[in-house]
Protein chains: 2
Amino acid sequence: MIECSKCQRVESIMKAGFVRGKQRYLCKDCNYFFTLPSAQVPTKRKRHQTTIIDIARELGVSNSTVSRALHGHPDISPDTKKAILEAAIQLDYQPNQLAYSLVKSRSNTVGIIVPEFLTQFFPNVIVGAQGVLSRAGYHLMIMQSDESYETEVGNTRALLANRVDGLIVSMSHETNNYEHFQAFEKRGVPVVYFNRVCREIGTYKVVVNDYQGAFRAVEHLIANGYRRIAHLAGPRNLVISQERLRGYTEALQKYGLPVLPELTIHGDLTVEKARIYGRYLLELDHPPDAIFAVNDPTAIEILLLARAKGLRVPEQLGVVGFSDDSIAMHIGNGLTTVKQPTNLMGQTAAELILKLISEDEDTYPAETQVLETELIIRGSSVRGGR
Amino acid sequence: MIECSKCQRVESIMKAGFVRGKQRYLCKDCNYFFTLPSAQVPTKRKRHQTTIIDIARELGVSNSTVSRALHGHPDISPDTKKAILEAAIQLDYQPNQLAYSLVKSRSNTVGIIVPEFLTQFFPNVIVGAQGVLSRAGYHLMIMQSDESYETEVGNTRALLANRVDGLIVSMSHETNNYEHFQAFEKRGVPVVYFNRVCREIGTYKVVVNDYQGAFRAVEHLIANGYRRIAHLAGPRNLVISQERLRGYTEALQKYGLPVLPELTIHGDLTVEKARIYGRYLLELDHPPDAIFAVNDPTAIEILLLARAKGLRVPEQLGVVGFSDDSIAMHIGNGLTTVKQPTNLMGQTAAELILKLISEDEDTYPAETQVLETELIIRGSSVRGGR
DNA sequence: TTGTACGCGTTATCAA
DNA sequence: TTGATAACGCGTACAA
């Protein structure tokens, strides 16, 4: 059937893999590999995307020349370059980033893992990071852990397998083990932690000044005459919870108010828990006259509970949240809250990771960038003077 | 300096590239390639991730055997398999997805392009899609076009370069040219359009019944006694705008109300435009008594404008939005709105793309999945009877 | 200025 | 059951 293109024999022909979608043959006699011209090859194995080799063949030059032309290397004659670029367009060439990454061992991609997508906070951070990265020619591979440690580990594995050049991460609230992050650093892939950071690991972090934000929020409540201020806190293992709790505590202390253990309850940042613990607080024999909540969804849940119980805000109950979600402005007479610079946080993390990627050595000094918060005062906490 | 490992000569040695980060040499005499044992190689060119070849060498087997062991191929002895798996763990082996994708010409990744990230809508869709895809072993590469045609084209190019196996997309409102999407179909990469689809292109779409949602919303306003109902519409080129407008128009017609051109204004879905056009409507000599807005942010802007002008909602002005953003429940006495099954939309799109990927041929029938909406009635549109 | 010949890490085919 | 070796698409050191 098939005859050798060199010696014309038929009996010594055997199949020998595929070349660019076409069957390749080997003549055992003359030890000659060959493929048949396309007219003779009806069996199109799989669709083939045009590669630099296709361009090279089209123009009768070598693939290195094509590669040089496409990348604007200096040593190339203007004519061949022009011809190659035209052929590339004409053949609808699209570079294969996978092959590129493989040979350069660099993917031009950074990964980001966030715990959730449903509040405004993380999407805003992502938008900030995205802008900086894409301007620098990097892509962002976004993963969400869904507040699950398991999923987070899976995410890190996927990013590692895809050879991201860097990782930006805010941990799930379940996370107590950090091996999956250390795997990156072990491989020389820089990691920037933001927002949900922990003390045990990480040389590069971007956070807001949670302590000060919380301190000012509680100070503000005190200034507005609230004296029995409760705190709906976050999970104990998160630094943001700890710092906000510290701000709450020290503000009370500064103004000589007692720090009552029964007025601090640790939730898990979900609305469901907020409802349960909020109700508990409001139904105490001696209920608080204000609540400082660890985040806005929690604070909003408190507002709804208060409304359901007929409690007047801010007269009978003051409420302050944390984050300035877009709802905060609109709910009731407005929710007082500690605004975080979300977009800036993403930008900062992205800039930091870019620096770490470009530094060949790990000589970049450890760094924790602390961004400032802003207290946004609205209707939920302002009643007359003291 | 360097002597041939075979003939011990020195003069005929030349460098011949690198093997796994180590200098490789060629002895011109005996035509023998070799590398030096690691002790003799101080120059660690670049950090090296452990590969199947490392495992193979460690155990003295071939890389094919290692590959088979790692992928649970049948033809392998339990002993070697066990040894390989242990070595893999011990050497901290992480598979290289890039190399895998290159050889399989399949990335196990689908791309998704959304116009923005700042309303809840798209993040919700993404969460839905993410769940389905990750359960099927696929990753999601998320890009946002920022409502810019330019950026959208860039996004498609990036996804194409990364050889995604499929694309899920909701178009920017600037998009009027569809070549960048056709590029996918030309390469046999399936595309599923959702939400912001267009009539000119696309065989697979997932949308909600915008027409019916709008129709019911306006019908509801009419039932509540509103007679001069305006519509703050979306960009003319988007099908969602057209369909919602059609629902608005036909509902008015059904109940014998005049369709007044001056009461329909096309915006661009931004809050800024909503404010301008909303103000215009409310300051007409003969202003509307109700406004049906193309989305929730727009509707909320109307509510705020009304509040600023001292207009009572719903008595003097009825308002209905579209989407049921999480704010809608909380603002004022609640915003009546047409709820879209966002999560389901993501799931549906993901399931569809998975089907299209697995079907070898393009034999899958064209399909537009229409999901149903639900009218959520709240305080902004209910005043006594008719 | 251009071409040759690898290597990047993996899978698949075929021979042993 | 295992081992060689081509192939995926591209960049590049070195030779020509």
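The chains referred to below are lettered A, B, ... by the order of the sequence lines, with proteins before strands, and numbering in each begins at 1.
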Note: Thr156(A) and Val153(A) closest approach over all heavy atoms is OG1-O, 2.6 Å
[X] side-chain N/O to [N] phosphate OP1/OP2 under 4.0 Å:
X	N	result
Tyr100(B)	dA7(D)	no
Lys104(B)	dA7(D)	no
Ser62(B)	dT2(D)	no
Ser105(B)	dC8(D)	no
Ser77(B)	dT2(D)	yes

Do the side chain of [X] and the base of [N] come within less than 3.5 angstrom through a donor-acceptor pair of N or O atoms?
X	N	value
Ser67(B)	dA12(C)	no
Thr80(B)	dT1(D)	no
Arg68(B)	dG3(D)	yes

Are Arg157(B) and His180(B) close enough that some pair of their side-chain heavy atoms sits under 4.5 Å apart? no
Handout entry: Over 12 foreign heavy atoms within 6.0 Å of CD, Gln182(A)
Key = yes
With heavy atoms under 4.0 Å as the rule, sort Leu102(A) into base, sugar-phosphate or nothing.
-> base
By the 4.0 Å heavy-atom rule, please label Ser101(B) as base, sugar-phosphate, or nothing. nothing
From the options [options], select the nucleotide whose nearest atom is closest to the side chain of [X].
X	options	value
Val103(B)	dA7(D), dG9(D), dA12(C)	dA7(D)
Asn63(A)	dG9(D), dT10(C), dG11(D)	dG11(D)
Ser64(A)	dT12(D), dT11(C), dG9(D)	dT12(D)

Quiz item: So, are Glu86(B) and Lys82(B) salt-bridged, with charged N and O less than 4.0 Å apart?
Solution: yes
